**Q** 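First the structure, which I've put down as structure tokens, then a few questions once you've had a look.
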Amino acid sequence: MSAPLQAIRGMNDVLPEEAALWLAFERTVENWLERWGYRNIRMPLVEQTALFRRAIGEATDIVEKEMYSWRDELNGEDLTLRPEGTASCVRAAIEHNLLYDGPKRLWYAGPMYRHERPQKGRYRQFHQYGAEALGYPGPDVDAELIVMCARLWHELGLEGIRLELNTIGSPEERARYRADLVQHLEANAARLDADATRRLHTNPLRVLDSKNPMVQEVVARAPDMKQYLGEASLAHFEGLKKLLAAAGVGYRINPKLVRGLDYYNLTVFEWISDRLGAQGTVCGGGRYDGLFEQIGGKPAPAIGFAMGCERLVALVALSGCLASPRRPDAYVVHQGEGTLEVAFALSDALRAAGFAVVQHAGGGSFKSQMKKADSSGAALALILGEDELRAAEVTVKPLRDGRPQWREPHAALAERFPQLLRVR
Ligand code: ATP
Ligand code: MG
């Protein structure tokens with residue numbers, strides 16, 4: 001026998017027990033997105049590498065070292081497994097002219113791929129839900145996106161997810177700030193680590209969120225972005241803060257929050273939990289008014305967020321708030337000549353009426369079938385033996401309460417089924 005093959009490092013199976021929690025999570029999130037007026041869009045998992053290079057930016061962690069890229073020799077194309085959804089979503093909006101009749105609220109979901117060092121809360125295949133409000137200048141829709149997240153945490157039964165907020169101004173304001181920041185960092189070059197030194201000229205804003213205490217000390221004395229903001233940027237931020245306050249959503253302004261991707265401007269935000277260790281950011285987003293133009297579309301203002309499903313599902317598991325998986329209403333036990341066909345028909349009719357029914361498969365003694373019925377978690381066992389078959393009846397055996405068993409006719413079983421489930 002050859003050695004068993006294993007899943008790729010950082011790419012996880014989700015086994016049935018945990019998958020049930022995922023399903024409950026996904027149903028809650030999708031219902032919430034639709035209620036807020038966001039419509040689903042589905043993009044391919046593979047795009048031209050150029051899309052991410054242009055959209056996310058050359059000097060970002062993702063493009064520098066995290067992308068799964070390869071050359072498709074058959075077509076002579078450079079391709080990449082998507083590391084995030086916004087670039088694809090905007091590419092699709094441009095390609096299909098989705099904004100022709102006005103702005104659009106969209107959501108997407110699915111796996112993303114980044115070649116990171118796998119650890120708790122950080123994987124190479126992970127999943128996101130993303131929402132994008134395309135064509136809206138804000139700040140009303142900025143507030144909408146943030147408030148809707150706060151409402152989702154509540155619906156998921158999650159507490160203590162805090163909001164960090166910042167504004168990084170317009171590209172012009174940022175360019176002026178960037179120049180002064182670089183000057184400050186250069187003046188303190190001796191105190192920068194290798195990472196900060198490398199970023200100094202490629203992506204100096206990222207130096208702001210360095211975790212190194214020595215670098216942090218330099219950063220603490222760096223010029224303040226706020227001083228560089230013009231009237232329009234300040235007004236946008238004030239408008240957002242006012243709406244958040246009116247909705248009762250608290251926040252902390254974090255002037256060092258710049259986010260890892262190049263395409264952001266004005267509003268940036270992150271939702272953070274302290275219950276997940278180092279990987280505590282469960283959702284991040286921001287405004288990206290320049291992105292449409294950057295990837296070849298007509299300019300359009302836009303803002304969005306993406307949340308990490310693995311981290312949120314882990315929180316949901318900790319809180320234990322989401323409903324447990326649906327147990328079968330009935331487990332159908334059958335034994336004897338001619339019972340299987342009738343069992344099929346009865347199960348079928350019950351499922352068509354909306355009940356969850358598991359029919360025993362694989363044969364076995366009555367006793368072993370009843371054991372399976374019990375461990376399935378079903379409320380009732382419906383037993384069909386030759387005796388029942390002759391009488392056109394089933395034996396109903398409640399499995400979760402002390403009621404004694406009884407017999408019911410086959411005819412109109414589905415109509416009477418709700419009463420059978422009820423504890424007498
Ligand atoms: P981080 O700072 O944790 O690397 P990021 O800024 O790279 O996050 P985004 O690109 O903003 O993350 O993605 C949005 C969310 O997706 C994150 O807040 C996080 O919850 C989740 N996420 C990002 N990368 C991973 C990963 N490798 N594994 C699991 N979840 C991830
Ligand atoms: Mg990252």
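Both ligands and their constituent atoms are indexed starting at 1 by order of listing. Atoms considered below: every heavy atom in the structure, side chains included; atoms not considered: hydrogens, waters and symmetry mates. Because the structure is predicted, anything quoted here is derived from the model rather than measured.
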**Q** Would you tell me which option among R114, H115, M307 has the nearest heavy-atom contact to atom 10 (O) of ligand 1?
**A**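 Nearest heavy atom to atom 10 (O) of ligand 1 lies in R114.
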
**Q** Relative to atom 30 (N) of ligand 1, which among Y123, Y113, F126, W271 owns the nearest non-hydrogen atom?
**A**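 It is F126 whose heavy atom sits nearest to atom 30 (N) of ligand 1.
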
**Q** Counting only nitrogen or oxygen atoms and a 3.5 angstrom limit, does E270 reach ligand 1?
**A**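 There is no such contact.
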
**Q** Backbone, side chain, both or neither: what part of Q279 comes under 4.0 angstrom of ligand 1, heavy atoms only?
**A** neither

**Q** For Q279 and Q119, does a side-chain donor sit closer than 3.5 Å to a side-chain acceptor?
**A**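 There is such a pair (donor and acceptor under 3.5 Å, judged by atom type) between the side chains of Q279 and Q119.
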
**Q** Are side-chain N/O atoms of E132 and Y288 paired as donor and acceptor at under 3.5 Å?
**A** yes

**Q** Return a yes/no value for Q128: is any of its N or O atoms, backbone included, closer than 3.5 angstrom to an N or O of ligand 1?
**A** yes

**Q** Which residue, V141, L145, I303, D142, forms the side chain to side chain contact (heavy atoms under 4.5 Å, CB included) with Y136?
**A**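 The residue from V141, L145, I303, D142 that satisfies side chain to side chain contact (heavy atoms under 4.5 Å, CB included) with Y136 turns out to be V141.
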
**Q** Could you see which bit of R122 sits under 4.0 Å from ligand 1, with heavy atoms only: side chain, backbone, both or neither?
**A**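 For R122, the contact with ligand 1 is made by both the backbone and the side chain.
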
**Q** I'd like to know whether ligand 1 has E84 as a neighbour, heavy-atom separation below 4.0 Å.
**A** no

**Q** Determine, for R351 against D329, whether the closest basic-nitrogen to carboxylate-oxygen distance falls under 4.0 angstrom.
**A** no

**Q** Evaluate the side-chain proximity of N40 to R42: yes if any heavy-atom separation is below 4.5 Å, no if none is.
**A**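 They are in side-chain contact.
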
**Q** State the atoms of ligand 1, each with its element, that fall below the 4.0 Å cut-off from a heavy-atom position in A306.
**A** 14 (C), 15 (C)

**Q** Tell me the contacting part of V282 for ligand 1: side chain, backbone, both, or neither, using a 4.0 Å heavy-atom threshold, strictly below.
**A**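 Near ligand 1, V282 shows its backbone, while the atoms from C-beta on stay back.
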
**Q** What is the ring orientation for W107 with Y129, classed by angle as parallel under 30°, tilted 30 to 60°, or perpendicular over 60°?
**A**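 If you compare the ring of W107 with that of Y129, the planes turn out tilted.
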
**Q** Looking at R287 and D289, is any side-chain nitrogen of the basic one under 4.0 Å from a carboxylate oxygen of the acidic one?
**A** yes

